[in-house]
Each structure stands twice: as structure tokens, then as C-alpha cells.
Amino acid sequence: MNEIFYITTPIYYVNSHPHIGHAYTTIATDVLTRFRKLFGADTYFLTGTDEHGQKIAESAAKSGIEPQEFVDRISQEFRVMWPHLHIENDQFIRTTDPEHKACVQQILQKIYDQGEIYLKEYEGLYCVGCERFMDESELVDGNCPDHQNPPELHKEQNYFFGMSAYQDWLVAELEQNENWVYPARYRNELTQFLKAPLQDLCISRPKSRLEWGIELPFDKNFVTYVWFDALLNYASALGWPDGEKYKKYWPHVHHTIGKDILKTHGIYWPCMLKAAGMPVFKKLVVHGHWVVGGSKMSKSLGNVVDPLAMKDQLGVDALRYFLMRDMSFGEDANFTEELAITRYNGDLANNLGNLLNRSISMSRNNFEGCVPPLGEIGELEKDLRNSFSKGVETCREYILAFQPHRALEHVVWLSSLVNKYIDNCKPWSLAKQKEDRERLGTVLYTALDMTRILVGLLDPVMPEKMREARISLGLGTEGIPFEKLTHGLLESGTELPKPTPLFPKMQVPGAEKTPAKIQQKEKPTSAASDEGKEWFALEDFQKMELKVGHIRTCRKVEKSAKLLCSEVDLGEGRLRSIVSGAAEFYTPEELTNRRVLVVANLKTVKLMGEKSEGMILFSDDKGKLILIEAPDEVNPGVTVR
RNA sequence: GGCAGGGUAGCUCAGUUGGUGAGAGCGCGGGAUUCAUAACCCCGAGGUCGGCAGUUCAAAUCUGCCUCCUGCUACCA
């Protein structure tokens, strides 16, 4: 019997537009699902949108439209985005779906009938932003710490769910079930939280204050608190209590969430399930957040990365790869364009893409455009095959342990093995000897065959790119079944189309070629030094704006051994800040007041946090810098040519 | 303040129950090579494993104290 795997993303609150956080959770869930499917599981993948609550009502009002129209609009943004990110969810639920509403009411009624929901008068400080009452001790200077404004005093009746009754049960559950919450640190966090007495959960909002929600079945004057409503989507989507899907998939439910909603999923949700008489989820899988340059990604900081923008730059599949590879699942991870492109170039372009390209090219050139025949195999082939059999299993284990980053690391390591194998066997040399033809075939076949396995392993992460790769290998468009990710199954004689680079190498933005690289490249090779040299036309030179500058002040750049930052007068009526790597050769005092040559139309860059709007020219003798000076009688701003 | 998790090569991080000279990728330096996307392959430099003290024949790995960062939570364990 097939293993069954049901996994959900949170349903996203339509108060904000889709961003990288949503994209990461959803892509991770998609990748995990596709891997499980590859391993033969019967999978079901749910995502959707959370659409009730006060913030939605307010946002709608602000936009001057009805809440329903508002949520329709934003929900649609999520729904249409997922296919663009190669997400293959089985269902998209909305909490405004009639089936969901019915389910929520039914469960509320059930718990109410059991006597676990009661009415209580409550007076307290209410923060509209948080949509909850706050304890005075939570306030900072009288303000809500999250929303920076004072909560309002509210007195009202509300319904409460007797969650506190489940505290002991939940503590025991967490204790017994070591892997219930993954990674374990989040389990610790919940355990820690449960050391304090659990409060009952307020699950209603009076309609006088908020109408946008699901009406309580036992009191028309109230709607349901949005979290109570939202969490139930995981079950309502499957047709609780009698739906076929519910019966089949519910016992195998996994929830992927970001660490920001740990408490709702780790505390409220199991208590709710217990009260509703449902089995609790099998596993809560918690991931960290993407941070940008060390600071949290937030709207207020204006550093939210738009996943669709990144998609255009990297390509969807490479973005998926980067997100999965660079975040240690569960930890926070840093996100920058440079990191993404470095990862892309290193793993995808240079290692895997180039492997595919070189293997196919050599096979085509030597075997009439076809997959070569496999001859007798030797030790090298045996070793490689061995590593791959183990490697495939290792990847599977990492995925089952919710460590996709480890799995991908391993795949690239395997890819390197094939590159090494090729280098060891030197097929380009074998091709020169007629008598080595059989050996040549064996080597190239092996390289292609192993590459095929890599393509199979990466299919869940990069479905479109790996489809292209399969076509390049003459395998057709169909995915490769897991049991075929084993050596020797490539068919000799299959025609190989002319390859084009699957992952063309990208330029890291802002990173010019390093001086060392240029030097190395232009190292004169004795006599023929002019041979490879590129000559510029005069108009090319004139693109550069060279000017005389006057260094007014100069100081060392903090924490940098090499950098000096100068304020330079270029006769522009303002001073430019220019960073130079000369601190090893000049003190700031020595540079102050000098007249120098400046490249004035160089793109502004930041070096060690300092803005640099140009370049001061030095002679560079094997790294030893000497300032090029202009005569004192030349005024700042004068052109040099 | 309490609790949890971190502080390991320039950067991002691995390091199982303490035990051969502390690792990977990227970056950097050198070499080799030319099939390939100036890719690949080999070699190398670089670390007081946050600090101090202790346990031990032996500690990045255990204990205590200190320090810094992150998260949760708050005057209460």
C-alpha cells in the first residue's frame, strides 16, 4: 500500500499581497510534496487564503469596497501567482467558501454542545491592529509594542473556548511525541510557553464591532474569531467529517508554517482538534524567516522582496532551488541578490549545467549525435555507481527528515563526483585513439547516465528545467520514476539534440571583474602580447569622464584595513565622497589637500557601508599604490583627456 | 529578569554518544587541462572552534562563570 502524505501551507491572510515569505512556505511545501510523490506516496497538497477579521474589514473600507469584493481580489492574486512559481497544489481553499463556513459552524456547535464554550463579560485594553485584548504588562509606554498606538478600553461579552482544560494533555502530548513539532527547538518553545497557565481562548467578536466573519451558530450577535475560523480550513477542505478525502488524508496531515505562527498552530490548534474530537496533526513543520542583510524583512523597512521580481531575474526554477538550498530548514537565512546569483552560478551553471553540457557535447561529437554504447565497466564506474546508489537513498532520507537543503547539497556533491570522474577518464584523450573507442563510450555513457539520475533527483525542485534536461538527454518529457534512478537505464543509441546551456551563467550585479582576474587574463604571453588585446575606439575612451579633483578631507573607513574615504571637490558645488583602497600606502593626512585624477562618471557603489561616487586614480605596481597627482594650478572639475 | 537557540576559516554554514594533525561550499593564491557555460580538476593559504576556569589520559564536543547576538516570555517559575 502506498504511503499517504497530506500537507498544508497556512492559508494566507489577504490583508497583504503575496511576498517572499508566502512564496517560500508554499514552494517548500510544493517541493516536499513533489518529492513524496516521487518516492511513491499518495499526496495531497492544500493551500488557500484566510479572509475574515477586522483588519480585512478595515482594509476593504479604506479601499471603498465591500469586504467580499476586496477578498476576492487579493485571494485571486495568490491563486494566480502559484502556477507562476510552479506550485502544484491539489486544492485552494478560501475561508469564505460556503463549505468552510458550514464546517466551522458545525464544529463550534459541537464544542458548544459539549459545554466547552461559555459566555463571559470582559473588560480590557483592546488593540485593533492585533485584534485582541492585551494585558497591561504587554504595553510599552502605553502603546501596543507591535502597532505603536494605544489600545482602546473595551467592555463586552464574548464567548470563550475552554482551552485551559487541555493544558496537561498538550504538555504530555509534546513530551511523548518527540517529532511532533520539527525542528525540536520549536517544540521546546511550546513547552516553555506551556509552563505558564494556559488562558481560555476568546473565540468571538460582537457584530456591533465587527460583522465580517462567520456567525456563531448559537448566537447571531457574534462572529467567529478569525484564527478559530482559519485553522479549521485544514479539515474543512477535506470535507470533514464524512468526506472521502477527510477519511483518507486527515490521519496523515502535516502543516508547514513559518515560526511567526507557531503559537496558533502549536497551542490553539491541537486543543481545538482535541475538543472537536479529531486526531491531531501528525507533524508541525516550522521554518525560519528570510532576512535581508541581517535585518528582518518588513514592510516598514521597505526591504520586502517581491518574489515575482526575483523570478524574472533568476528564473522560477533557479529561485526555487536557491530558496530551498540556502535556507537551513528551520533556521533564518539571509537573502541578497548576490547570494542568489552566487549559488546559481556555483551549483547550477558551473557544476550541474556544465556537466550536462559537456557530457552531451562529447557524446554527440564522437558517437554520431547519440548516447554511446556502454562497454565493460571498471573500478571507477563501480565506485561512481556505488556513490549514486547511496546518494539517492541519502537524499530520500534528508527529504523525509524535512531537510531539503541537505538533500540538495548532496545532489551537487554527486554532480561534482561526475565532473571529477570525467576529468579522471579524460574522454577527450580517449577520442584521439581508435582503440580506445569502447572505453570512450563507457565513460561518456556513464557520465550521461549519472547525470540522468541527478536530473531525476532535482525534478521536484526544478520541474521545468529538469524537463528540459530530460529532453536534452533524449529521455522525453515524462518524469523519471524513483525506481529508475539507478544506473544503467539510459538507452544507448538514443539521439541527443544539440545542447544549449540549461543554466546560462549570470553576472553578479555590481561586481566588476576583480583586478587580479584581469591581470591574470592580460598577462602578456611573451611576444604575442597584442594578439588577444581588445582595442578601444576613441569614442569608447570618451565615455569616461576624467576630471581633476581636490581632496578636501580624508579619513579611514572604520573596520577596514584598506579603505580611505575622501571628500573630493570636483567643482560641482558639492563634495563627492570617494572610497579608495589606499590605506596601506597613505595616511588620511597625506592625501588631504592633494589634487588628483578622478573618474567622475563611475556608477556609485557602497564599500564597507561607505558611499563611493567615483574613483581616484593611482598607479598600481603589483598592488603597490602611488597617487597620480595633478598640478596645483589646475582647478577642480577640469577635464582630463 | 527567566528560558531556549546560537557565537567554528574573509562570507554562509557542517561537525553524531568527548579520541587519528578541525571540515564543506563560495571567495582568494598557485598549478594542471581544453570536452564544456572563461566552466571542470588538483594543490595551497586562512581558524586562540566567543572568553576564562574545571572534569578527563583526551574537549569545538561535558561542567561552572563571563560576554555578545537572536527568539519566546515577562517581574514569575
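Quick note on labels: first sequence line is chain A, next is B, and so on, each numbered from 1.
- Looking at the side chain of A/Lys505, the nearest of the listed nucleotides B/A38, B/C40, B/A14 is B/A38.
- Here B/U37 is the nucleotide among B/U37, B/C42, B/A36 with the atom lying nearest to any side-chain atom of A/Pro501.
- When both pairing distances are held under 3.5 Å, B/U16 makes no Watson-Crick or G-U pair with any nucleotide shown.
- Spacing between B/C65 and B/C26 at atom P, rounded to whole Å, works out to 41 Å.
- The nucleotide whose nearest atom lies closest to any side-chain atom of A/Asn350 is, among B/U37, B/C40, B/C41, B/C40.
- Base pairing analysis places B/C72 opposite B/G2; the two distances defining the Watson-Crick or G-U wobble pair are each below 3.5 Å.
- For the OP1/OP2 pair of B/C41 and a distance below 4.0 Å, the side-chain nitrogens and oxygens of A/Ser416 include at least one atom meeting the criterion.
- Nucleotides B/U56 and B/G18 place their P atoms 16 Å apart, quoted to the nearest Å.
- Checking B/C40, B/C26, B/C35 against the side-chain heavy atoms of A/Thr342 singles out B/C26 as nearest.
- Distances from the side chain of A/Phe193 to the nucleotides B/G5, B/C40, B/U73 place B/U73 closest.
- Comparing A/Asn424 and A/Ala196 by the nucleotide of RNA chain B whose heavy atom lies nearest to each, the residue mapping closer to the 5' end is A/Asn424.
- With contacts defined as side-chain heavy-atom distances shorter than 4.5 Å, the pair A/Pro372/A/Leu440 does not qualify.
- Rounded to whole Å, the C1' atom of B/U16 lies 22 Å from the corresponding atom of B/U12.
- Checked by distance alone, A/Asn188 brings no side-chain donor or acceptor within 3.5 Å of a matching partner on the base of B/A4.
- B/G51 takes the anti form, because its glycosidic angle lies more than 90° either side of 0.
- When the P atom of B/C40 is taken as reference, atom NZ of A/Lys426 falls 16 Å away, rounded to whole Å.
- For B/C41, the paired nucleotide is B/G31, the pair qualifying as Watson-Crick or G-U wobble because both relevant distances are below 3.5 Å.
- Of the candidates B/U34, B/A36, B/U73, the closest approach to any side-chain atom of A/Arg358 belongs to B/A36.
- In this structure, A/Val285 and A/His255 have side chains that are not in contact, with every pair of non-hydrogen atoms separated by 4.5 Å or more.
- Nucleotide B/G25 has B/C11 as its partner under the Watson-Crick or G-U criteria, with both atom distances under 3.5 Å.
- Taking a pair to require two hydrogen-bonding distances under 3.5 Å in either a Watson-Crick or a G-U wobble arrangement, B/A77 remains unpaired.
- Of all non-hydrogen atoms in A/Leu231 and A/Trp269, the two that sit nearest each other are O-CH2, 3.2 Å.
- Taking the C1' atom of each, B/U17 and B/U61 are spaced 10 Å apart, rounded to whole Å.
- Proximity note for A/Phe503 (side chain, C-beta onward) versus B/G15, B/U37, B/C35: the nearest is B/U37.
- With 3.5 Å as the limit, one finds a donor-acceptor pair spanning the side chains of A/Glu381 and A/Tyr421.
- In this structure, the side chains of A/Arg320 and A/His86 come closer than 4.5 Å at one or more pairs of heavy atoms.
- The partner of B/A53, taking Watson-Crick or G-U wobble pairs whose two distances both stay under 3.5 Å, is B/U63.
- A/Gln403 places its CD atom 10 Å from the P atom of B/A14, with the value rounded to the nearest Å.
- You'll find that the side chain of A/Arg343 is closest to B/G25, out of B/G25, B/C13, B/C72.
- For the P atoms, the distance linking B/A58 with B/C43 amounts to 35 Å, nearest Å.
- The side chain of A/Asp423 lies closest to B/C41 when the candidates are B/C13, B/C41, B/U37.
- Residues A/Leu262 and A/Leu284 are in side-chain contact: their nearest non-hydrogen atoms beyond the backbone lie under 4.5 Å apart.
- For the pair A/Asn351 CG and B/C35 P, the interatomic distance rounds to 20 Å; values are reported in whole Å.
- Comparing B/G50 with B/A59, their P atoms are spaced 15 Å from each other, to the whole Å.
- Classified by interplanar angle (parallel below 30°, tilted 30° to 60°, perpendicular above 60°), the ring pair A/Tyr182/A/Phe402 is tilted.
- The 5' end of RNA chain B is approached more closely, in terms of each residue's nearest nucleotide, by A/Asn357 than by the other of A/Asn357 and A/Asn419.
- B/C11 and B/U48 are spaced 13 Å apart, taking the P atom of each and rounding to whole Å.
- To the nearest whole angstrom, the two C1' atoms, one in B/G21 and one in B/C62, are 23 Å apart.
- For A/Glu189, the listed nucleotide lying nearest its side chain is B/C72; candidates were B/C72, B/C35, B/A36.
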